[in-house]
Each structure stands twice: as structure tokens, then as C-alpha cells.
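Computed from a predicted structure; not experimentally measured.
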Amino acid sequence: MLRYASAAFIFLIPILFVYINKIQKGYYIDEKFHVPQTIKYCAGNITDWDSKITTFPGLYIVTALYLGPLELCTKIFMRFINVILTLGNLGLCLTLVSTICQERINKDPQVKYLNVYLSAWNIAFFPPLFFYFCFYYTDVLSTTMVLAMLLSHVKKNYKMTALMGAFAIIARQTNVVWLAYLAIENSLTFVEEYTKRPELTRSLNIIRIIKTIYAILSAKARIGLSAFGDFVGPLCKLILPHVIVLLVFFIFVIYNGGIVVGDKSAHQPTIHLAQLLYFSVFVFIFAWPYILPHFRNFVQFLYKHILLSSILLGSITLIVQFNTLVHPYILADNRHYSFYIWKNFMNRDPAYKFIPVPFYALFIYSIVKTLSSMRLLSLVAYLLCTSFVLIPQLLLEPRYFIVPYIIFRLKQSNIRNWQIVCETLTTMFVILAQFALFSFKSFSWSDEEHPQRIGW
């Protein structure tokens, strides 16, 4: 049944692509920058750069390599690149989820047909990502490279992980954070294997880890210098490829004066803690079946840990009061869902922004609880890396949430049948809703030739 439904949906993708291209004949928002820049690359002109483009040219390079020799560098063929990448993402997700769940599959083969397949489906066709399969945006390629990097990581091919990480960075600079995250994961795995004490990574006592490793090295050093080689060699195998890529990127950042290429004024780094609150809502919308079971525990948490819960709610209230930052684009561009959230709710009355405070606390608590199967230091690393990606961003842009969400989703374990089914129904509903809204709601801008439409 799943196979037939999948085949039908995959068959519908080209039909949807043709339909969307028929109603969206002009550029869709940022395509007016991406398409002309790619045409330059196809013509061999890689030095003429549009300063309004702030991401690396990974998508333009891929497109020019494939379409340039065929002389097919037109908007519709450029968009079709993302159709191919989207189908490739499904294959990557199937392999990735199957590899992660291999132990469960061996115990129960039925897992593969429901849990694994639908998990891969929901990640590959994640609505905020799938929305861009028919447009010429960088998000699909960026996600493809991140998925390839994660797959290489779980297969323990660390050189390939670093290579895919480099490609992911060329597609989008912020992916460097996720390569660093995998380097941290490898380091934690090494600590567990080297010390034979996995409990070390399940506490926040970093000093204890350092002392344990130092004690082991000191004991082995009495035998000879080979002990140092026994330590450095395996560690280098795990993280050296990652470190090389990270160092090259760091040198670029120093030379460039930041991670942004082009016009840096449009993406000045800031401290926007409220992004984490918005991300918690975003996660709940799409992963509510995994979040919901922890709601009852949250109430118990409030009663049992009054001081801690007061600090949590108080901190969120302070963030909302003093760190609710609004990028000018949010209030000016009515082609994004975020515009309507701000117009009809957040900006309606100064007090309205405080209404979600208890929900922020509930969602954050539940998200952390759903990740409780991770070793503690891995969980901390994930939360820190998510913060490094989101907090410097002034603009509330759901596309920035895609990769942190996918990693969150991949970390879900012991998934029940009702959860995966409800998640799939939610995914399908949002896909239908977003494309229905895009198709049937249009409006005009005085400075744009074609009708404008609403999306992420």
C-alpha cells in the first residue's frame, strides 16, 4: 500500500511542477537574483557577482555544470534541478533512516515498512523544504548536501563526511555549524571508546573527562611514547578531515570579514534569542505527535521544580520583552507567512507577544524531553549548534529552521505507529494547504510585472 501511494505521489510531482510553473511564470521572490547570476555562470562569467546575493555559489556551480554544456540555462530547467534533488533527497533519507534504525529493523522487519519509510518520506517532503522543489532556491541543494554528510557520518566514512560537509558549506555557509557538530559527536564517541567509560559523556563535567584522559595517558606514557600515538592517531582519523574543512572556512571568514558574501548590510549578525522560541513553535507544528506525550510531564515539572520553572518562564518573558526584534522585511513583504503572523497577532497589541510565553516553555521542555535518549553532551552540542545557527539571524525566516529540524527529527527514537501516522497526515495536510494557498491567492505589486503569491 505504501509503495503504491508513494509511486502515485512521486508521479504527481512533475505534474505539480508543471502547474506551478504555469501559474508562476515570473521570478518568485529571490529567483530574480539567483537566475540571472546562474546565467552568468553558464556563460563562464564567474567574476561578475550580484552584491545582493549573500550565500555561496554552490547552486549556480551545480546548475552551470549540468545545464551549461546543454545550453539549457533557462528558468524552468533551473527550477527542474530542484525536482531532481528532491527525489534524490528521498533516496538519501531512506538510506539514512534505514541505517540509523538498522538494529530495530533486525529485531522487527515490519519497522522498515512503516516507521522507516514514513520517517524518510516526512523528512524528504518536509513542507517548508518541499515548497521550494519547484523554484530555483538554494534550500534543496543545501539539504541534499547535509543529508549526504549525515549519511556518511552514520556509515563512519569520516573523509566523505568532511567532503560532503565542504559541499554543504558551498551551498550555504551556516552548514559549517553542522559539520562542527559531527566533529563534536566523533570526539565524544572517541572519549567513550578510549576511556571505556561511556558515563563520562552523560554528564556536564568536562573537567572530569579531561582528568580521566590525562590519567590514562600518564599511565601509558610510562610504557613509552607510543601511548601518545595510540591517542592521537585514532582521534585524528575521526576528526582531522572535519578540522581541515573548518579551518579553511575560518580562514575565509577572517579574510572576508564575516561569513556573508555580497552585501553584508542586509545580514548583519545580531543577538536574537527569540529565534529559539519561534523554532520551538515550528518544531511543535510539524512534530506534535512526538511532543504531545510530554505535556503531562511538564505540569508535573512545574509543581516539582518551582524555582527552575520560574527561572525558565522568567527568562522567556525577559527575552520576549527585550529581545523581540523585527527585521524590516517582515513588515514590508506580504509574500511570506511571517508577515501575516506579525500583522494579525504579534504587532496588533504590545501585550499580544506575551500570550505564547507559557507555550514557548511547554514546547522547549517537551523538545528537550524528546531528545532525552541522546547522551547529555550530544544534546548540549545540538542545542548549542542550533543556537549558533539561529540566534545571529535578525530575520525570522522558517527556511533557517529546516536543517535543525531535520536533525531533531532524525534523533527521535522508539517511534510509535500512531505518531508516525499522525506526522504523515500533518505533512500531507500542510503540503496541500501551502500549495492551495499559493495557487488560489494572488495579488499585484506596482513594481512587479507578474502576480505575487504567498509562501514560506
- Task: Take E423 and Y290, measure what side-chain hydrogen bond (donor to acceptor under 3.5 Å, both in side chains) needs, and give me the verdict at the end.
- Result: CA-CA 9 Å; E423 181 194 22; Y290 310 107; 2.6 Å; yes

Can we say K40 and D50 salt-bridge, meaning some charged N sits less than 4.0 Å from an Asp/Glu carboxylate O?
->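 Salt bridge absent between K40 and D50.
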
Does this structure show an ion pair linking K25 with E449, if we count only N-O contacts that are shorter than 4.0 Å?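 Here K25 does not pair with E449 in a salt bridge, since their nearest N and O are not under 4.0 Å apart.
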
Is it the case that over 12 heavy atoms from other parts of the model lie below 6.0 angstrom from the [atom1] atom of [X]?
{"X": "F339", "atom1": "CZ", "value": "yes"}
{"X": "F295", "atom1": "CZ", "value": "yes"}
{"X": "I271", "atom1": "CD1", "value": "no"}
{"X": "F354", "atom1": "CZ", "value": "yes"}
{"X": "F443", "atom1": "CZ", "value": "yes"}
{"X": "F429", "atom1": "CZ", "value": "no"}

For the pair [X] (side chain) and [Y] (backbone), establish whether a donor and an acceptor sit closer than 3.5 Å, ignoring hydrogens and angles.
{"X": "Y158", "Y": "I239", "result": "no"}
{"X": "S280", "Y": "L277", "result": "yes"}
{"X": "Y382", "Y": "L371", "result": "no"}
{"X": "S98", "Y": "T95", "result": "no"}
{"X": "N21", "Y": "F17", "result": "yes"}
{"X": "Q412", "Y": "A287", "result": "no"}
{"X": "H272", "Y": "L394", "result": "yes"}

Please round to the nearest 0.5 Å and tell me the distance separating atom [atom1] of [X] and atom [atom2] of [Y].
{"X": "Q452", "Y": "D333", "atom1": "CD", "atom2": "CG", "result": "8.5 Å"}
{"X": "L390", "Y": "L396", "atom1": "CG", "atom2": "CG", "result": "10.0 Å"}
{"X": "W288", "Y": "Q419", "atom1": "CH2", "atom2": "CD", "result": "9.5 Å"}
{"X": "C42", "Y": "E71", "atom1": "SG", "atom2": "CD", "result": "10.0 Å"}
{"X": "M145", "Y": "N89", "atom1": "CE", "atom2": "CG", "result": "8.5 Å"}
{"X": "I100", "Y": "L150", "atom1": "CD1", "atom2": "CG", "result": "7.5 Å"}

Does any part of the side chain of [Y], heavy atoms only, come nearer than 4.5 Å to the side chain of [X], both counted from C-beta?
{"X": "Y278", "Y": "Y360", "result": "yes"}
{"X": "P356", "Y": "F345", "result": "yes"}
{"X": "F279", "Y": "T386", "result": "yes"}
{"X": "F438", "Y": "Q24", "result": "yes"}
{"X": "C134", "Y": "L16", "result": "no"}
{"X": "I291", "Y": "Y365", "result": "no"}
{"X": "L163", "Y": "F167", "result": "yes"}
{"X": "F126", "Y": "T427", "result": "no"}

TODO: Step by step, work out the side-chain hydrogen bond (donor to acceptor under 3.5 Å, both in side chains) result for T55 and Q173.
DONE: CA-CA 7 Å; T55 55; Q173 293 98 305; 5.1 Å; no

Face-on cation placement of R348 at W342 ring, 6.0 Å and 45° thresholds | no

Ring centre gap for Y27 and Y136 strictly below 6.0 Å:
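Not close enough - the centres of the two rings lie 6.0 Å or further apart.
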
**Study point:** CA sep, side-chain torsions, deciding dist, call: T189, R375, side-chain hydrogen bond (donor to acceptor under 3.5 Å, both in side chains)
**Key:** CA-CA 10 Å; T189 299; R375 55 192 174 195; 3.0 Å; yes

Checking W121, F9, W456 against F130 for ring pair (Phe, Tyr, Trp, His ring centres under 6.0 Å), the one that qualifies is F9

Item to complete: Give the ring-plane orientation class for F282 versus Y405, where under 30° counts as parallel, over 60° as perpendicular and anything between as tilted.
Response: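 F282 and Y405: perpendicular rings.
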
Inset, instruction - Classify the angle between the aromatic ring planes of H34 and Y137 as parallel (below 30°), tilted (30 to 60°) or perpendicular (above 60°). - result: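 Ring orientation of H34 relative to Y137: perpendicular.
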
Next item on the list: Could you give me the CA-CA distance, side-chain angles and deciding distance for D30 and K52, then say whether salt bridge (Lys or Arg N to Asp or Glu O under 4.0 Å) is met?
Entry: CA-CA 10 Å; D30 288 350; K52 292 183 179 180; over 6 Å; no

Please report the closest heavy-atom contact between [X] and [Y], naming both atoms and the distance.
{"X": "L129", "Y": "V140", "answer": "CD1-CA, 3.9 Å"}
{"X": "Y41", "Y": "P57", "answer": "OH-CB, 3.4 Å"}
{"X": "S439", "Y": "I23", "answer": "CA-CD1, 3.8 Å"}
{"X": "H153", "Y": "T161", "answer": "N-OG1, 3.1 Å"}
{"X": "N122", "Y": "T424", "answer": "ND2-OG1, 3.1 Å"}
{"X": "M78", "Y": "I39", "answer": "CE-CG1, 3.6 Å"}

Go through N414 and S373 one step at a time and tell me if the side-chain hydrogen bond (donor to acceptor under 3.5 Å, both in side chains) criterion holds. CA-CA 9 Å; N414 300 320; S373 62; over 6 Å; no

